[in-house]
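Lettering of chains follows the sequences in order, A, B, ..., and the numbering in each one begins at 1.
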2 protein chains.
Amino acid sequence: MTENIVQKLRDDIENGILTNQFAPGDRLDEMQLAKQFGVSRTPVREALMQLSAIGLIEIRPRRGAVVVEPGPHRIYEMFEVMAELEGMAGSLAARRHTDADRTELLAAHGRCEQSANADDADAYYYDNELFHRAIYIASHSSFLIEQCSALHRRLRPYRRLQLRVRNRMKTSYSEHAGIVEAILSGEAERARTLLRQHIAVQGDRFSDLVATLAQREARAG
Amino acid sequence: MTENIVQKLRDDIENGILTNQFAPGDRLDEMQLAKQFGVSRTPVREALMQLSAIGLIEIRPRRGAVVVEPGPHRIYEMFEVMAELEGMAGSLAARRHTDADRTELLAAHGRCEQSANADDADAYYYDNELFHRAIYIASHSSFLIEQCSALHRRLRPYRRLQLRVRNRMKTSYSEHAGIVEAILSGEAERARTLLRQHIAVQGDRFSDLVATLAQREARAG
DNA sequence: ACGTCCATTCTTGTATACAAAATAGTTGAC
DNA sequence: GTCAACTATTTTGTATACAAGAATGGACGT
């Protein structure tokens, strides 16, 4: 019965939001959640406040908590910032990576290759996360690692949607190859540019995003 | 007696931390704070959790909350990320600024000039915040504005320390001039580079930071 | 005399009770 | 018949009570 209750609640509710179990716009009732998880309102409230701090829900005074729907433009902005932060991480990684980082990055890249060849979207989704995480870690900036991880986590559901687009997996993997090469050869600016382009939702990819969002909306509605 | 109590507590405690009233390493006792502010422990706990989410304090299970001391390297990393985000904001501002943004930016720049000429560090500190905020807003990316504002706020006390360094105010103002010119003339990449350099704690400025931190530490200790 | 173990106390974590505000439903008036 | 106002219910916000774990101090043993 330690503080873990709040952590568990936070993770469970967050998961529920990310898996669309709690759809955007839904009201999160404290009493209902408390009953559902068999705890009192107190830890539920604390968990909700943490989610509010992350930005997943919005708590309006005396009006309760609702799941936030970012909207396509907002999501675009978030990817825009993510692109810049990842570019920075790549740039630092190119300059600072150690032998261990190099090994880890190549291993993650190899796993992505396998998943892409097997055409396994779920596996690629997971391996891709580890690939990017390897870059963050190679930047050797603990604060940047935290910032990147937080935003990456926040964008997780939309990243998953993007993989649905035809050939995105293969394209993504081939972009990874260039990024790995740039980082390991120490070309900081090239790593930055390639990562920026890899993340950014530009041109066609924005309409793809809007389209997949609309699909999900229809399915949930 | 609305939810404002938590907000007020959060702001007051945050202010106490930023003004070194609660020094790094201090334990924040829930009951003591509750008595001090004339409320119960419940809103105090919620305020502390929000501060924990911001990163100002750390809550260890069953061990209470302590004020975080980032340490010079950590602060350096935070400025490093801030530099990149501000550079991004400047780049976007150069491309997207409206006439209203232009007016606001020039006004803020003018106020900085007055404060710098008057050698008024407190006024410059305040006007400088508005100057940078004007750039964020001119980027027209609501998410970036939020991210920049949050990190700017987090770095506020150290920014203040930096102004103590001899001539930093005048130097800062002259850097602003170049930034304004780059943004208003639409030179995105130059705006990015200048802002990056303006923010980054490079070379001598890092030792300056460490020195002023040590001074503050000695004064508080 | 010093170290270790146990008990007491203090603090955090959770539940419940109480208060205040917002929403919804009903009734009355135009 | 529709709109508005008032009341009742639901739900959030705060306080207090209770439980459990950690820190501290004393006593006992070596």
Side-chain angles (χ1 to χ4, degrees), chain A residues 1-17 20-70 220-221, chain B residues 1-17 20-70 220-221:
Chain A
M1 297 289 176
T2 86
E3 157 88 51
N4 301 346
I5 285 184
V6 173
Q7 295 289 358
K8 182 175 163 26
L9 282 172
R10 190 176 68 73
D11 290 348
D12 282 359
I13 299 173
E14 179 176 3
N15 238 322
I17 294 174
N20 233 20
Q21 195 172 343
F22 300 115
D26 278 7
R27 248 172 64 82
L28 295 176
D29 188 62
E30 295 177 0
M31 294 229 280
Q32 183 185 320
L33 288 169
K35 209 180 291 183
Q36 184 175 330
F37 288 99
V39 295
S40 85
R41 275 176 55 221
T42 310
V44 171
R45 281 181 63 83
E46 298 195 345
L48 289 180
M49 289 191 54
Q50 291 195 18
L51 292 175
S52 167
I54 297 173
L56 273 177
I57 68 177
E58 194 177 346
I59 299 181
R60 288 167 307 178
R62 292 272 177 201
R63 315 261 321 254
V66 296
V67 179
V68 165
E69 169 58 297
Chain B
M1 296 296 168
T2 85
E3 157 88 51
N4 300 347
I5 285 185
V6 172
Q7 295 289 355
K8 182 175 162 27
L9 283 172
R10 189 176 68 73
D11 290 347
D12 282 359
I13 299 173
E14 179 176 4
N15 238 321
I17 295 174
N20 233 22
Q21 197 172 342
F22 300 115
D26 278 7
R27 246 172 65 85
L28 295 176
D29 187 62
E30 293 177 2
M31 291 229 281
Q32 184 186 321
L33 287 170
K35 210 180 290 180
Q36 184 176 330
F37 288 98
V39 296
S40 85
R41 275 176 54 219
T42 311
V44 171
R45 281 180 65 82
E46 297 195 346
L48 289 180
M49 290 191 55
Q50 290 195 18
L51 292 175
S52 167
I54 297 174
L56 274 177
I57 66 176
E58 194 177 347
I59 299 182
R60 289 168 306 179
R62 291 273 177 201
R63 313 260 326 253
V66 294
V67 179
V68 164
E69 170 58 296

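- Atom C1' of nucleotide C:dA15 and atom CZ of A:F37 are separated by 18 Å, given to the nearest angstrom.
- Straight-line distance from the CG atom of A:L48 to the C1' atom of D:dT11: 13 Å, rounded to whole Å.
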* **B:I17 and B:E14: CA distance, side-chain angles, deciding distance, side chain to side chain contact (heavy atoms under 4.5 Å, CB included) verdict** => CA-CA 5 Å; B:I17 295 174; B:E14 179 176 4; 5.7 Å; no
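- Donor-acceptor pairing under 3.5 Å, judged by distance alone, is absent between the side chain of B:R63 and the base of D:dG21.
- To the nearest angstrom, P of C:dT23 lies 9 Å from CZ of A:R27.
- The separation between A:I57 atom CD1 and D:dT12 atom P is 11 Å, rounded to whole Å.
- The nucleotide whose nearest atom lies closest to any side-chain atom of A:I5 is, among D:dT14, C:dT11, C:dT14, C:dT14.
- The 5' end of DNA chain C is approached more closely, in terms of each residue's nearest nucleotide, by B:D29 than by the other of A:S40 and B:D29.
- Across the protein-nucleic acid pair, B:E46 atom CD and C:dT12 atom C1' stand 15 Å apart, rounded to whole Å.
- Taking the side chain of A:R62 as heavy atoms from C-beta on, and the options C:dT12, C:dA21, C:dA15, the nearest nucleotide is C:dA21.
- Screening A:L33, A:L48, A:L9, A:N4 for a side chain to side chain contact (heavy atoms under 4.5 Å, CB included) involving A:P43 leaves a single residue, A:L9.
- With sequence neighbours left out, A:D29 forms a side-chain hydrogen bond (donor to acceptor under 3.5 Å, both in side chains) with no residue at all.
- Taking CZ of A:F37 as the reference point, atom CD1 of A:I13 lies at 5.5 Å (rounded to 0.5 Å).
- Using a 4.0 Å cut-off, no side-chain N or O of B:T42 falls inside it from OP1 or OP2 of D:dT14.
- In this entry the distance linking CD of A:Q32 with C1' of D:dT10 reads 13 Å, nearest Å.
- The CE atom of A:M49 sits 16 Å away from the C1' atom of C:dT14 (whole-angstrom rounding).
- Protein atom CG of A:N4 is 11 Å distant from nucleotide atom C1' of C:dG13, rounded to whole Å.
- Closest contact between the side chain of A:P43 and the listed nucleotides D:dT12, C:dA15, C:dT12 involves C:dA15.
- The side chain to side chain contact (heavy atoms under 4.5 Å, CB included) with B:R10 is formed by just one residue from the set B:Q50, B:E46, B:M49; it is B:Q50.
- Of all nucleotides listed (D:dT12, C:dT11, C:dT16), C:dT11 comes nearest to the side chain of B:M31.
- Each of C:dT14, C:dA15, D:dG13 was ranked by its minimum atom distance to the side chain of A:R45; first place goes to D:dG13.
- Looking at the side chain of B:R41, the nearest of the listed nucleotides C:dA15, D:dG13, C:dT12 is C:dT12.
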